[in-house]
Amino acid sequence: MARFSLVVLCSGRGSNLQALIDASHSGTLPADVVAVCSDRPDCAALARARDAGIAVRAMRPRDFVDRAAFDRALFAEAAQFAPDLIVLAGFMRILDPAVVGQWRGRMINIHPSLLPKYPGLRTHERALDAGDAEHGASVHFVTAELDGGPVIAQVALPVLADDTPASLAARLLPLEHRLLVATTRLIVDGDIVLDGDHVVRNGRPLPAPLRLHADGELG
Ligand code: GAR
């Protein structure tokens, strides 16, 4: 049987993409990254994909009349690879609702906050400004609301007295990688689906997002 296929959308560094590629290669994630699509033709994520022999597609938003036209074109490219799941891994654009609707339940995003706290940008700075004792990251199904779709799983870490946005981001990033791989794995295994507005695990709605534990398990 063909392996579960992923198309990953990225705008920048691509470290979360790399975690998916590495997990795919090591067998931790029984899925293949079949293509990487981007709104930034020069981004490091595309170089990582090329290095791994993965197909890349990139287009510039300024070459399209509006957001909807760009999103239609980018997602048409993604659809050519017939992915089982689209993963937004550092894809820094707000999506057109029509495109989001077409991929409902088949598209996830990783966001660097404990949603519903801090959708949007500057999440680390906002957590520090608020005096939060803990911070973290979330993986959620993508809906039309920015960073607002049903949350599948989260990872948390304590905020330290001398943390800066940069130090917090640096400590969180490796946890993001583990969270994204572990959550994607649950979807690949068929354990997690979106049913209406609910995340369902093995037939039962999740009462709260799963948490990534130190042993790497989600529970
Ligand atoms: C990650 O921290 C991810 O959570 C964040 O961008 C970074 C991408 O890093 N995503 C968002 O802020 C989406 N709203 P990466 O390119 O090294 O994976």
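Atoms within a ligand are numbered from 1 in the order they appear, just like the ligands themselves. Keep in mind that this is a model prediction, so the values were computed, not measured.
- Ion pairing between D163 and R171 holds under the 4.0 Å rule for side-chain N and carboxylate O.
- Ring pair H135/H124: centre-to-centre distance below 6.0 Å.
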Does the salt bridge (charged side-chain N to carboxylate O under 4.0 Å, His left out) test come out yes or no for R201 and D191, once each step is laid out? CA-CA 5 Å; R201 184 183 197 186; D191 292 351; 5.3 Å; no
Candidate pair D189 and R185, rule salt bridge (charged side-chain N to carboxylate O under 4.0 Å, His left out), full reasoning: CA-CA 6 Å; D189 288 345; R185 167 135 208 176; 3.1 Å; yes
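- Protein residues with a heavy atom closer than 4.0 Å to ligand 1 are R13, G14, S15, N16, G90, M92, I110, H111, P112, E176, listed by chain and number.
- With hydrogens and angles disregarded, a donor-acceptor distance shorter than 3.5 Å links the side chain of H111 to the backbone of Y118.
- For the pair N16 and E176, the tightest heavy-atom approach, listed with the atom from each and the gap, is ND2-OE1, 3.3 Å.
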